[in-house]
Amino acid sequence: MTALLRSEKLQKCNLLLSSKNIHELTDHLFRHESGKMVSVLSRLLGLQNMETAQDIVQDTLLQAMNTWGFNGIPDNPSAWLYRVAKNKAIDFLRRRKKFKEISPQYAYLVESEYSLTPTVHNLFLENEIQDSQLRMMFACCHPSIPEESQIAMALKTLCGLGVNEIARAFLTNDETISKRIYRAREKIRAENIELDVPGHTDLQGRLDAVLKSLYLLFNEGYNSSHPEWLIRDDLCEEAMRLCLLLTQHPLTGYPRSKALFSLMCFQSSRLNARLDDKGNIVLLKYQDRTRWHLPLIQKGFDYLDAAAEPFEVSTYHFEAAIASLHAAAPSFEQTDWKSIYHLYEMLFQAQPNPVIAMNKAIASAYAISKQKALEELKEIKGLEQHHLYYASIGEMYFELQEKENARTYFEKAFRLTNSQTEKQLLLEKISLC
Amino acid sequence: MKDYLLLFRGGLDFSTATPEQLQQAMMKWRNWIAELTKDARYNGGNRLENNGTVIKGVKKQIFDGPHTESKEIVGGYISIKAGDKQEAIEIAKGCPIFNYDGIVEVREVAKM
């Protein structure tokens, strides 16, 4: 039953990625439209007036609730919301005497009744909405804002999540998230960050910051030990939605954006098979590959192809390529481990960190030998608190029939993990030693 | 068939609700009212703004109001058809406001 629901949800997610929400109320419509409208209105009113933008959006959603709840949902819900938001914004601007705080580029346009309405209307055109979201993404992921604040801010403004929902997703409390958002706002004020698209010289660096933030957001959903899979899927879905937007925009549709999106497609194709019916994590080796979501795999390949030109190489290219080889393999044993190992070597060169080193070592077990893997694993420094590190070493000893050593490392891993599923898995291993 | 007025108090706090919560609440109301409409029970209804004016006494004094706990302010109403009070109560029990800790008051419309 759970599996069925999940695959339905994934299909919906896929639908959302490929078509527009017309004629029926899609999941999360309010949330997504709220993110769009906050972006547009903040661009009009100035990022410093974001709270006013959020108030207007909240009023708009309330009006929808009052009307739709009693009279039914209109044919084009998004257009209805935009119309109401536009009118509320126009009313707000008319009521104000001075427009000094408004974005300078719009201040003079909204002063005259002749240009006020067309200005607001133009900002709600499809391509302008996308443009506003893009600007908001650059603002939220501004390098001067700490990474954890970037993610919280993006979820709040671009994805329309509430503080309590973000806190729940990150298994923390409301206060922590409020602080993160507050810090982001402080930076925006202090650095006078506006909703601009970075100039040509800054663009690539700023885009990398945005991509990194989306990558972290996706991984938060993909790797977290959150007990509710719905929340994990939501985070992955939001990261994908924003990344897709980057791939579609001429300014940000660089190969690396497409490579990241490709990686997300491959990873999320396995979301379904990653958990068993009780919600326990299933390792790649034991996953039922018939449960991988084929349309998402196909999409992963499409975007990996698209990421090949013009030539550039990013860590996302390597990661997506690795994921593609897993996706293409008929079984764990028949995986092209040699290529995977080679890609990990390149990834490690580009980004030397112990987690990548560990994955490289694990790949070497199947590409070269268990002995080689063991040597590589033992050279790694910095994973002393990482249960997977000890579990991997234990696994290699186990495969080499050195049961006593295997047991020692499985026990170390057992003490370091909090996950009941993993504890269970390790206990089974220990009993075999 | 008699007419009954259902008065709603309390429920989801709209000022702090997230977009997702608003959408879910809206869909629940929408589905409930669609159901009542299909069964030819629904006469009409509306949600009310929290701010209003209270006019009192022979002098017709005007106050901002209603001055009650926000949980006790009537936040909306619908008019329905039901065979008797018991049936009206059963219909009222389906109201989504109970998911949000709200109150429904069932009142029969007096015959002229």
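The model shown is predicted, which means the values in this text are computed figures rather than measured ones.
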Legend entry - Rounded distance (nearest 0.5 Å) linking atom CZ of F30(A) with atom CD of Q24(B): 11.0 Å
Inset, instruction - Give, for atom CE of M26(B) and atom OG1 of T67(A), the distance between the pair rounded to the nearest 0.5 Å. - result: 10.0 Å
Legend entry - chain A contact via T37(B) - side chain, backbone, both or neither, heavy atoms under 4.5 Å: neither
Legend entry - Crowding at CD, E51(A) (>12 non-hydrogen neighbours, <6.0 Å): no
Inset, instruction - Compare all side-chain heavy atoms of L62(A) with those of L22(B) and state whether any distance is below 4.5 angstrom. - result: yes
Legend entry - Residues D234(A), E20(B); criterion side chain to side chain contact (heavy atoms under 4.5 Å, CB included); working and verdict: CA-CA 12 Å; D234(A) 270 2; E20(B) 190 70 14; 5.9 Å; no
Inset, instruction - Please lay out, stage by stage, how D27(A) and Q23(B) fare under the test side chain to side chain contact (heavy atoms under 4.5 Å, CB included). - result: CA-CA 9 Å; D27(A) 282 352; Q23(B) 180 170 345; 5.6 Å; no
Inset, instruction - Looking only at non-hydrogen atoms, find the nearest pair between I73(A) and R30(B) and report the distance. - result: N-NE, 4.1 Å
Legend entry - Enclosure of N127(A) CG (heavy-atom neighbours >12, cutoff 6.0 Å): yes
Legend entry - More than 12 heavy atoms from other groups under 6.0 Å of CG on N31(B): yes
Inset, instruction - Please name the pair of heavy atoms, one in P19(B) and one in S34(A), separated by the smallest distance, quoted to 0.1 Å. - result: CG-OG, 3.6 Å
Legend entry - Residue part contacting chain A, namely of N46(B), when any heavy atom lies under 4.5 Å: backbone
Legend entry - Test side chain to side chain contact (heavy atoms under 4.5 Å, CB included) applied to F70(A) and R47(B), step by step: CA-CA 8 Å; F70(A) 287 88; R47(B) 212 176 293 281; 3.6 Å; yes
Inset, instruction - Step through the shown structure and confirm whether more than 12 heavy atoms of other residues, nucleotides or ligands are within 6.0 Å of CD on E49(B). - result: no
Legend entry - Heavy-atom neighbours of Y182(A) OH exceed 12 at 6.0 Å: no
Inset, instruction - Heavy-atom distances under 4.5 Å only: say whether D59(A) touches chain B with side chain, backbone, both or neither. - result: neither
Legend entry - Exceeds 12 heavy-atom contacts within 6.0 angstrom, atom NZ of K28(B): yes
Legend entry - Shortest non-hydrogen separation from F14(B) to M65(A) and the atoms involved: CE2-CE, 3.4 Å
